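Structure first, commentary second.
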Amino acid sequence: MKWKEYEPRWQKKWDENQVFVPKAGGKKFFLTIPYPYTSGALHIGHGRTYTLGDIIARFKRHQGYNVLFPMAFHISGSPILSISDKISREDSKTVNLFLEYLRIYETEEKSYEIIKEFVDPKKVATYFAEKIVSDFKSIGYSIDWTRVFNTGEEKYNKFVEWQYQKLNEKGVLVKGKHPILWSLEENQPVGEDDIADGDTDKVTITDFNMIKFDFEGAVLVAATLRPETIYGATNLWVHPEGIYVRIRMDGETWLVSREAANKLKVQGHDVDVGKDFRGREIVGRFAKNPISGEKMPILPASFVDLDEGTGVVYSVPAHSPYDWQALVDLKNDVRLGKLVDLDNVPVVIDVPGYTILAKELNETNRIKDQKDGRLIEVTKEAYKTEFYSGLMNAKCGEFKGLRVSEAKDKVKDKLFKDGIAKLLYETSRKAITRSKNKVVVSVIDDQWFIDYSNPQWKKTTNKWINKMKIIPEKYKKSFLDTVEWLDKRPCARRRGLGTKFPLDPEWVIEPLSDSTLYTAFYTVSKHLNSISTDKMKPELFDFVFLGRGTPNEISKLTKINKNKLSEMRDEFLAWYPNDLRHTAPAHISNHLTFFLMHHIMIFDKPHWPQSISLNEMLIREGFKMSKSKGNIIPLAKVAEKYGSDLYRLYVASSADLDAVIDWRERDVQAASGKLNKFIELISSASKAEDGEIGLVDEWFISKFRLYLSEATKQMESLKFRDAVVNLMFKLLNDYKWLEKRSKNPLSTIKHIARDWVVSLAPIIPHTAEECFSYLGINEFASLATWPDLKQKVNKQAVINEDFVLSIVSQIRDVEKISGKKPKVVYIYTAEPWKNDALKIVLKEKERSMGKISSFDDKTKAAKVIQSLIKGRVWEKYSKPLDEETIITEATSALENELGVKLKINSSKDPLGKKVKAMPFRPAIYLE
RNA sequence: GCCGGGAUGGCGGAGUCUGGAAAACGCGUCAGACUCAAAAUCUGAUCCUUAGUAGGUACGCAGGUUCAAAUCCUGCUCCCGGCACCA
């Protein structure tokens, strides 16, 4: 792996010569990849996206584009903050994780020193940002580092503030209520990171319907996920030992569990807690069904969970396995048994194959009592069955005949409209924070949102997406779906790093919402370094990005030199729009769509994004890389372990964009062999004497040019894998044959060496540079012009030599089938009249049978013509070959290759093979 | 649950959009060459039958459209990803 030795050398040269720092102007290509979040070391999976992006940037550069490929760092949000928190609390898991990251770069001793500084979140951010820069350089990325920034910098804050001012002017910033996960004890929002097992077992927010049942001048509030079953309610359940409270809630008197009262308090309701009581105190009394007005008994049940919903549920025995079972359990109760009527439970949802679904399911599953754990599964089954195949029946009034899946929301809407129901948010599972406090749902009422629901905005965006190039194209639909589905989205949070929300500085702009327009920021970021932030008024950005005002006016207002202003505006105009944004499909449903929509809302149409490309993830030996499995390869170790060019070659060639790459050590080693072979060939060719170019050499050169033009198209559509197959694997296979056939194979390589090296330079740039130096080409391979695709291809040489190769495989076929190891092989070419038939077929194609009259033996001729038509000879050939001459010329190579003696068109023909020969398929006899 | 995507040899995967000789390219395996030996490298074989260019079996399952289906349509099974404050 000699490339490891020269890689750093070329990286240094690129750096010193600022090879990838473009000056605005000319035919431009502006490529971006989302900036990495600096909360740790990147691994080879992250590297896939950046590597493919770099290959695109480099390819475009070869094609004569002036390429801008910048990079920055994301530090906004809470993760970095909570890392510092945890490190300062000496949380051992976090400390160990970060020590592990540090050891990638530092000595043991130094790691311990540095981690102490990580109590400061900015230190975490800047440390890893720096390391990512050196990681990226070590892989040879052609990034313009002069524009680097991070999202915590003041100039960036100014830019984001401007952006929010624009959004506000457009009227898409709205304030409202919003449910979030919350800890009562810690009195703050909890993110996935703060929840115990939050990463593996996600917690989401579920909507419960609280339905009010009049009860002795108050309301007893039952919670349900299945409002459509209200028509079949027979009674209410409370937990007999549970503690309930009487509360004043938004002007009404409610009875709910004590836990529920606490939740309601933080869900935006006006709650006064009054007297508490045990569930059993109201057992046996009656509440009123809000739909039918019927009296319904309140009964005790132990399955009722006080900490889920309101701690009160209504009972639908025909459709809920728990309810049915609890009634069965209660039937024999001396006092309450008489309130239970199992013979007349109302069925309100008809399901084919069932009469009373809950009863029948419980019986087939032999449920013992309401404490039976299997009830959870049975309930799920009941719910699913009814949801998909249940129909609301005559007892459901206006909803009769509807499928449950449709009726559910309609019934819910009606209950809410009639004031019978209210919404309660509940967590999807019982969850605690890492500090062991309960997670509940809180509703905050002053949450700021970006309102993506605006139909005009959506329409314009969809229209634009349809026009955009999305690669691979199958992801286009995901974009359209996302736009369809987007609604209001919270854009500010109470804590985290980032930009203060300009309309309310108590809030910080949420990290995905501060990263929607920053591709524009790259165009001027380095100019802003010399301007003090107090001069960065909104008018500055209005001018630079939107062309509002004149340099004179803006200069007066901001005190920024007016030439500087013009320079910035010019640079923005020179680079924008963003020609390609490359990243992973996971970003479609959030970042990428915001990126599009914000551009469309704020920028002029000529500056909207042009195209987006996406690549799937990378796994290792069949498994996802994860900290717990300990199977992560950090990007920082790639150069040392494999060499960057090998990494780049493997990442480019082992899977298409939309397929997951499996990093398999064996295949990596195989790729290493090919890379070695390539380097050796170029290196020895560079030293070889010039030789004569024969027909076979022309065959090879032509093959290369054919592969090259195919590969160029493939590179343009980002099919790197196919390009590598053509330029590397196939060509190296052809070279093996060339070595056997040509007098001067290395000198032939010399003819294509420069072009070959350049064509692979985007993928293996260090090796390309090194090869240029072997070849004595005194320029950067990274900046070399893409090979001329109009160079001569000798088609006849290709056809002839491919024919010779087909002779080899035909003889081998026969050897294999006959099981013979011949000493002499007799070859018979087709009789001349068959070539006449061939000429007809080449001209007439499928209609050739019409010309059959010119042949003496029409039966034989028909057979031959039929076979030629079937073989579609016209697709490959334009005229018959002089097969005898071609084979004669290649005789010695064929004899060597096969280890036999060849005799062509000999009169000796013991098996009568001669007559079987066809054009392009001579007959063969083995002796 | 909702919304996407996928299923092809022993394995990774081409081929699907645009129906018309399935398996390009790579890995593995087997055999041979080189070597004292091994590794590396090179050569060949790798669905079945067959002195041949032909036939048969095969692209998750079940149907359908068509002269013709891996490819188009319908239903099903299983896998993977995203799902709003999370970067």
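In what follows, chains are A, B, ... by sequence order, proteins preceding strands, each numbered from 1. Fair warning: this is a prediction, and the values are worked out from it, not measured in the lab. Computed over heavy atoms, backbone and side chain alike; hydrogens, waters and symmetry mates excluded.
- Nucleotide G12(B) has C25(B) as its partner under the Watson-Crick or G-U criteria, with both atom distances under 3.5 Å.
- The two residues Arg48(A) and Asp656(A) have their closest heavy-atom pair at NH2-O, 3.0 Å.
- Defined by atom type and a distance below 3.5 Å, a donor-acceptor pair is missing between the side-chain atoms of His43(A) and Arg620(A).
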Dump the pairs, protein N or O against N or O of nucleotides 15-18 of chain B, anything under 3.5 Å, distances to one decimal.
none

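- Base pairing of A70(B): no nucleotide in any strand meets the Watson-Crick or G-U wobble criterion (both distances under 3.5 Å).
- With G12(B), G26(B), G4(B) as the choices, the nucleotide that has an atom nearest any side-chain atom of Ala670(A) turns out to be G26(B).
- Counting only heavy atoms from C-beta on, Arg666(A) has its side chain closest to G28(B) among G52(B), G4(B), G28(B).
- Residue contacts for His591(A): at a heavy-atom cut-off of 4.0 Å it reaches no nucleic acid atom on any strand shown.
- Tyr156(A) and Tyr35(A) have perpendicular rings, their planes meeting at more than 60° on a 0 to 90° scale where under 30° would count as parallel.
- G9(B) adopts a syn glycosidic conformation, its chi angle falling within 90° of 0.
- What separates CG of Asn733(A) from P of G44(B) is a distance of 9 Å, to the nearest Å.
- One atom, CG of Leu675(A), and another, P of G26(B), lie 15 Å apart when rounded to the nearest Å.
- Nucleotides C48(B) and C36(B) have their C1' atoms positioned 42 Å apart, rounded to a whole Å.
- Smallest separation of non-hydrogen atoms from Val508(A) and Leu497(A): CG1-O, 3.7 Å.
- If you check G12(B), C3(B), C86(B) against the side chain of Arg664(A), the one that comes closest is G12(B).
- Between Lys736(A) and U43(B) there is a side-chain N or O to OP1 or OP2 distance below 4.0 Å.
- Between the P atoms of U8(B) and A70(B), the separation comes to 15 Å (whole Å).
- Comparing the C1' positions of G64(B) and A69(B) gives an interatomic distance of 11 Å, to the nearest angstrom.
- Pair assignment for C2(B): G82(B), on the basis of Watson-Crick or G-U wobble contacts that are both within less than 3.5 Å.
- Rounded to whole Å, atom C1' of A84(B) lies 10 Å from atom CZ of Phe449(A).
- Look at NZ on Lys474(A): it is 10 Å from C1' on G4(B), rounded to the nearest Å.
- Nucleic acid contact class of Ala659(A) (heavy atoms, under 4.0 Å, all strands): none.
- If you find the closest nucleotide of RNA chain B to Arg489(A) and to Pro922(A), the one lying nearer the 5' end belongs to Pro922(A).
- Checking the phosphate oxygens (OP1, OP2) of U41(B), no side-chain nitrogen or oxygen of Asn676(A) falls inside 4.0 Å.
- Rounded to an integer number of Å, the gap from CG of Asp658(A) to P of G12(B) is 16 Å.
- Straight-line distance between the C1' atoms of C59(B) and C72(B): roughly 16 Å, to the nearest whole Å.
- Among the heavy atoms of the strands lying under 4.0 Å from Asp667(A) are primed sugar atoms or P, OP1, OP2 only; no base atom is included.
- Asp514(A) and Thr499(A) share no side-chain donor-acceptor pair at under 3.5 Å.
- A7(B) and U77(B) make up a base pair, with Watson-Crick or G-U wobble contacts both under 3.5 Å.
- A 3.5 Å limit on both hydrogen-bonding distances identifies A33(B) as the Watson-Crick or G-U partner of U41(B).
- At distances below 3.5 Å, not a single donor-acceptor pair connects side-chain atoms of Ser654(A) with backbone N or O atoms of Val651(A).
- Crowding of Lys458(A) atom NZ: a count of heavy atoms from other residues, nucleotides or ligands under 6.0 Å exceeding 12.
- Distance, Lys477(A) NZ to C2(B) C1': 13 Å, rounded to whole Å.
- The backbone N or O of Ser589(A) sits nowhere less than 3.5 Å from a side-chain atom of Thr593(A) that would complete a donor-acceptor pair.
- For the C1' atoms, the distance linking G28(B) with G12(B) amounts to 11 Å, nearest Å.
- Side-chain N or O atoms of Thr516(A) include none that pairs as donor or acceptor with a backbone N or O of Leu512(A) at under 3.5 Å.
- For Asp487(A), whose side chain is taken as the heavy atoms from C-beta onward, the closest listed nucleotide among A84(B), A24(B), G26(B) is A84(B).
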Under 3.5 Å, which protein N or O atoms sit close to an N or O of nucleotides 79-83 of chain B? Give each pair with its distance.
from, atom 1, to, atom 2, distance (Å)
G81(B), OP1, Lys624(A), NZ, 2.8
G82(B), O2', Ser589(A), OG, 2.8

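- Look at the C1' atom in both G9(B) and C80(B): the space between them is 23 Å, to the nearest Å.
- Here Ile924(A) lies in heavy-atom contact (under 4.0 Å) with a base.
- Results of the side chain to side chain donor-acceptor pair (under 3.5 Å) test with Asn726(A) over Arg721(A), Lys719(A), Gln714(A) single out Gln714(A) as the only residue that passes.
- Classified by interplanar angle (parallel below 30°, tilted 30° to 60°, perpendicular above 60°), the ring pair Tyr828(A)/Tyr826(A) is parallel.
- Comment: Asp722(A) does not engage Lys730(A) in a salt bridge, judged by the lack of any side-chain N to carboxylate O separation of less than 4.0 angstrom.
- Counted by atom type alone, Tyr642(A) and Glu665(A) present one or more donor-acceptor pairs between their side chains at under 3.5 Å.
- Partner assigned to A51(B) is none, using Watson-Crick or G-U wobble distances below 3.5 angstrom.
- Per the geometry, CG belonging to Leu649(A) stands 17 Å off P belonging to C25(B), to the nearest Å.
- Separation of the P atoms belonging to U50(B) and A14(B) is 34 Å when rounded to the nearest angstrom.
- For Asp481(A), counting side-chain heavy atoms from C-beta on, the closest listed nucleotide (U43(B), G4(B), C86(B)) is G4(B).
- Nucleotides U66(B) and U71(B) have their C1' atoms positioned 13 Å apart, rounded to a whole Å.
- The OH-C1' distance, from Tyr707(A) to A24(B), rounds to 11 Å in whole Å.
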